[in-house]
Trainee: 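Next up is a structure, given as structure tokens.
For this chain, numbers begin at 1 and follow the sequence in order. Note that the coordinates shown come from a computational prediction; the quantities given were computed from them, not determined experimentally.
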Amino acid sequence: MANERATAGLAAGPRSAQAWRIAELEREVRELRRTNTLLRTYVAQRLDAGPHHDTGRPRTPAPPAHPQDTRRPAGERPPHRPAPHPAPAPAPAVVLRCLGPIEAVVGGRPVDLGAPKQRALLALLASAVGRPVACDVLVEELWAGSPPPAALSSLHAYVANLRRVLEPHRAPRTRPTVLRTSGRGYLLERRSVDVDVDRFTERAALAWQLQDSGDPHGALRAFDQALALWRGPAYAEAADSACVRPDGARLQELRLSATEGRCAALLAAGAHEIAVADLEAFVQDHPLREYGCELLGLALYRAGRQAEALAVLRTHQRRLARELGIDPRPALQRLQQQILHHAPSLDLRPPLAAQL
């Protein structure tokens, strides 16, 4: 196009060609100035925006640099920043205390569970948390085999009352999430309920694990935490019920074993005198438990009371023969011989963790 214009200008004469050339140069100068202005504006915008390519989308502000990043050599990787932890799972809506008289905590506050039979109903359901209990079984247990004609209506009323107590903020006509209907019975939803029975068994299992790994102090803390949950017989309001007795007996055996485990941890930690005091009371209440008697004999020996240790073992031997017609287990017979001969194996040895 420019060549065509130049040819036309030359054809018009020298002066016309010169005027045209001057006009063309002035136009080119104006174009260069405009381009230069646009280029400066563009470069300034790019410097302000940073090194990222412009994609036409709104720019996201860069996060503030770490204070140490300003002096990091080129090519060095930035310090590792751990990914944020996921949000913890929501806590159960209701905390049930069943190792003693039944108690419930809703939203961090104790609640009134109402009349004795209503409390007994909650204890029955708590003993089978996560499993449905048929209405017929609940009626039979609550009224000890002699339910009145209106027993089923009373049961439904107790359930309605408990639902209001356990879910005070549940909207009307919405399904309950704690005490649910299941078939022809009711169940406590495990995901919505935290039961102290579970915490007791977990802490006791941890304590025995720590004991086996050679950490008597850690085991002692875990045993104390587990036993502190007990306030009386498990599921106290329904302890005599046929469907609760097996679990109550199981939990009581675990409680006694945890008490013996705690005393064994005391001995392993070198607290002989404390162990003696606790074991004397324990053996008096449970004279036929051989492991408790064995621990008491060892505790007395380590406390420098050899004669009393032998007396405890011999008294236990006579009681077993008189009441059960049996001999002590081999471990007690062996302990008696070791005490008589001051066996070095009875002396306190440092925990495994202290030897490593």
Trainee: What are the two closest heavy atoms between V244 and A239, and how far apart are they?
Mentor: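 That would be CG1-CA, 4.3 Å.
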
Trainee: Is any side-chain heavy atom of T315 closer than 4.5 Å to a side-chain heavy atom of V312?
Mentor: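 In short, these two side chains do not touch, never coming nearer than 4.5 Å.
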
Trainee: Report the distance from atom CD of E167 to atom OG of S192, rounding to the nearest 0.5 Å.
Mentor: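 Going from the CD atom of E167 to the OG atom of S192 covers 7.0 Å.
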
Trainee: When clusters are formed by joining ILVMFWY residues with side-chain heavy atoms under 4.5 Å apart, either directly or through shared neighbours, do L340 and L332 land in the same one?
Mentor: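 L340 and L332: one cluster.
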
Trainee: Could you check if a side-chain atom of R231 sits within less than 4.5 angstrom of a side-chain atom of E103, using non-hydrogen atoms only?
Mentor: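 Sidechains of E103 and R231: in contact.
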
Trainee: Please determine whether a side-chain nitrogen of the Lys or Arg among E280 and R305 lies less than 4.0 Å from a carboxylate oxygen of the Asp or Glu.
Mentor: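 Judged by the 4.0 Å cut-off on N to carboxylate O distance, E280 and R305 do form a salt bridge.
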
Trainee: For the NE2 atom on H342, are there more than 12 heavy atoms of other groups (residues, nucleotides or ligands in this structure) within a distance under 6.0 Å?
Mentor: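 Enclosed: over 12 neighbouring heavy atoms sit under 6.0 Å from NE2 of H342.
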
Trainee: Are there over 12 heavy-atom neighbours, none belonging to R97, within less than 6.0 Å of that residue's CZ?
Mentor: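 Atom CZ in R97 is not packed in, count stays at 12 or less.
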
Trainee: Assess whether side chain to side chain contact (heavy atoms under 4.5 Å, CB included) is satisfied between Y186 and L138, documenting all intermediate values.
Mentor: CA-CA 9 Å; Y186 299 101; L138 294 171; 4.1 Å; yes

Trainee: With sequence neighbours left out, write down each residue that passes side chain to side chain donor-acceptor pair (under 3.5 Å) with D327, or none if nothing qualifies.
Mentor: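 Result, side chain to side chain donor-acceptor pair (under 3.5 Å) vs D327: none returned.
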
Trainee: Using side-chain heavy atoms (C-beta onward) and a distance below 4.5 Å, is Q225 in contact with F200?
Mentor: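 Not touching, per the 4.5 Å side-chain cut-off.
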
Trainee: Would you say Q336 and R314 make side-chain contact, with heavy atoms under 4.5 Å?
Mentor: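 Yes. Closest side-chain heavy atoms under 4.5 Å.
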
Trainee: So, R163 and T181: side-chain donor and acceptor under 3.5 Å apart, yes or no?
Mentor: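 Side chains of R163 and T181: pair found under 3.5 Å.
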
Trainee: Does atom CD of E290 have more than 12 heavy-atom neighbours, drawn from other residues, nucleotides or ligands, at distances under 6.0 Å?
Mentor: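 Correct, the count exceeds 12.
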
Trainee: Looking only at non-hydrogen atoms, find the nearest pair between E237 and G100 and report the distance.
Mentor: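 Scanning both residues, the minimum pair turns out to be OE1-O, 4.4 Å.
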
Trainee: Given side chains that start at C-beta, do those of Y235 and S241 come closer than 4.5 Å, heavy atoms only?
Mentor: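 Heavy-atom side-chain distance check fails, nothing below 4.5 Å.
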
Trainee: Would you compute the distance between atom CG of L179 and atom CG of N161 and round it to the nearest 0.5 angstrom?
Mentor: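 If I round to the nearest 0.5 Å, the distance is 11.0 Å.
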
Trainee: Taking the basic N atoms (NZ, or NE/NH1/NH2) and the acidic carboxylate oxygens, is any pair closer than 4.0 Å for R199 and D194?
Mentor: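 Salt bridge between R199 and D194, a charged N being under 4.0 Å from a carboxylate O: yes.
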
Trainee: If you take all heavy atoms of L113 and Q118, which pair is closest and at what distance?
Mentor: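 Closest pair (atom of L113, atom of Q118, distance): O-NE2, 3.0 Å.
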
Trainee: Could you check V133 against L187 for side chain to side chain contact (heavy atoms under 4.5 Å, CB included), going step by step and ending with a plain yes or no?
Mentor: CA-CA 6 Å; V133 183; L187 68 82; over 6 Å; no

Trainee: Within a 6.0 Å radius of atom CZ on R221, are there more than 12 heavy atoms belonging to other residues, nucleotides or ligands?
Mentor: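 Not more than 12 within 6.0 Å, no.
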
Trainee: Nearest 0.5 angstrom please: C263 SG to H272 NE2, how far?
Mentor: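 Here the rounded value is 13.5 Å.
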
Trainee: Let me check something: do L348 and V276 share a hydrophobic cluster, defined by ILVMFWY side-chain heavy atoms less than 4.5 Å apart, either directly or through other members?
Mentor: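 No, L348 and V276 fall in different hydrophobic clusters.
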
Trainee: If you round to the nearest 0.5 Å, how far is CZ of R164 from NE2 of H169?
Mentor: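 Atom-to-atom, H169:NE2 and R164:CZ are 15.0 Å apart.
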
Trainee: Hydrophobic clustering (ILVMFWY, side-chain heavy atoms < 4.5 Å, transitive) - are L254 and V129 grouped together?
Mentor: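 Yes, V129 connects to L254 through the hydrophobic network.
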
Trainee: Does the side chain to side chain contact (heavy atoms under 4.5 Å, CB included) test come out yes or no for L298 and R302, once each step is laid out?
Mentor: CA-CA 6 Å; L298 178 59; R302 286 187 178 174; 3.8 Å; yes

Trainee: Which atoms form the tightest heavy-atom contact between Y291 and A264, and what is the distance?
Mentor: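 What the structure gives for the nearest pair is OH-CB, 3.7 Å.
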
Trainee: Taking all atoms of both residues into account, what is the closest heavy-atom pair of I339 and G297, and its distance?
Mentor: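 Heavy atoms of I339 and G297 come nearest at CD1-O, 4.1 Å.
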
Trainee: Below 4.5 Å, heavy atoms only, C-beta onward: do V283 and R289 meet side chain to side chain?
Mentor: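 Of all side-chain heavy-atom pairs linking R289 with V283, none is under 4.5 Å.
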
Trainee: So if you build clusters from Ile, Leu, Val, Met, Phe, Trp, Tyr with side-chain heavy-atom gaps below 4.5 Å, do L229 and V193 land together?
Mentor: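 Result: yes, single cluster for both.
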
Trainee: Taking the hydrophobic residues Ile, Leu, Val, Met, Phe, Trp and Tyr, and joining any pair whose side-chain heavy atoms are under 4.5 Å apart, which ones share a cluster with L324?
Mentor: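 Reading the cluster by chain and number, L324 sits alongside L288, L320, I326.
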
Trainee: Could you measure the distance from the OH atom of Y158 to the CG atom of L142? Nearest 0.5 Å is fine.
Mentor: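 Answer rounded to 0.5 Å: 7.5 Å.
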
Trainee: Salt bridge check, D136 against R184: does any charged N sit closer than 4.0 Å to a carboxylate O?
Mentor: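 Answer for the salt bridge query: no.
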
Trainee: Please determine whether residues F223 and F282 belong to a single hydrophobic cluster, defined as Ile, Leu, Val, Met, Phe, Trp and Tyr linked transitively by side-chain heavy-atom distances below 4.5 Å.
Mentor: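 They do not share one cluster, since no chain of ILVMFWY contacts under 4.5 Å joins F223 to F282.
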
Trainee: Any side-chain heavy atom of Q252 within less than 4.5 Å of one from W230?
Mentor: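 Yes, close enough: below the 4.5 Å cut-off.
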
Trainee: Flag yes if more than 12 heavy atoms outside Q284 fall under 6.0 Å of its CD atom; otherwise flag no.
Mentor: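 12 or below, so no.
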
Trainee: May I ask you to say whether R334 pairs ionically with E294, meaning some side-chain N is under 4.0 Å from a carboxylate O?
Mentor: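 No, no charged N to carboxylate O under 4.0 Å.
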
Trainee: When you look at V165 and D112, which way does the side chain to side chain contact (heavy atoms under 4.5 Å, CB included) test go after all the steps?
Mentor: CA-CA 8 Å; V165 170; D112 183 5; over 6 Å; no

Trainee: If you measure only the distance, is there a donor-acceptor pair under 3.5 Å linking the side chains of T177 and E189?
Mentor: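 E189 and T177 do not have a side-chain donor-acceptor pair below 3.5 Å.
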
Trainee: Please name the pair of heavy atoms, one in C98 and one in D196, separated by the smallest distance, quoted to 0.1 Å.
Mentor: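 Residues C98 and D196, closest heavy atoms: N-OD1, 2.8 Å.
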
Trainee: When you look at CG of D240, are more than 12 heavy atoms from neighbouring residues, nucleotides or ligands closer to it than 6.0 Å?
Mentor: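 No, CG of D240 has 12 or fewer neighbouring heavy atoms, counting only those of other groups under 6.0 Å.
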
Trainee: Linking Ile, Leu, Val, Met, Phe, Trp and Tyr through side-chain heavy atoms less than 4.5 Å apart, which residues share a cluster with L266?
Mentor: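 Grouped by the 4.5 Å side-chain rule, L220, I274 form the rest of the cluster around L266.
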
Trainee: Contact between L256 and H286 at the side-chain level, heavy atoms closer than 4.5 Å - yes or no?
Mentor: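 Result yes, sub-4.5 Å side-chain heavy-atom pair found.
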
Trainee: Between H316 and P287 (side chain of the first, backbone of the second, donor and acceptor by atom type, cut-off under 3.5 Å), is there such a pair?
Mentor: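 The answer is yes, because a donor-acceptor pair under 3.5 Å joins these two groups.
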
Trainee: As an exercise, state the distance from OH of Y301 to CD of E308, rounded to the nearest 0.5 Å.
Mentor: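 It is 14.5 Å, given to the nearest 0.5 Å.
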
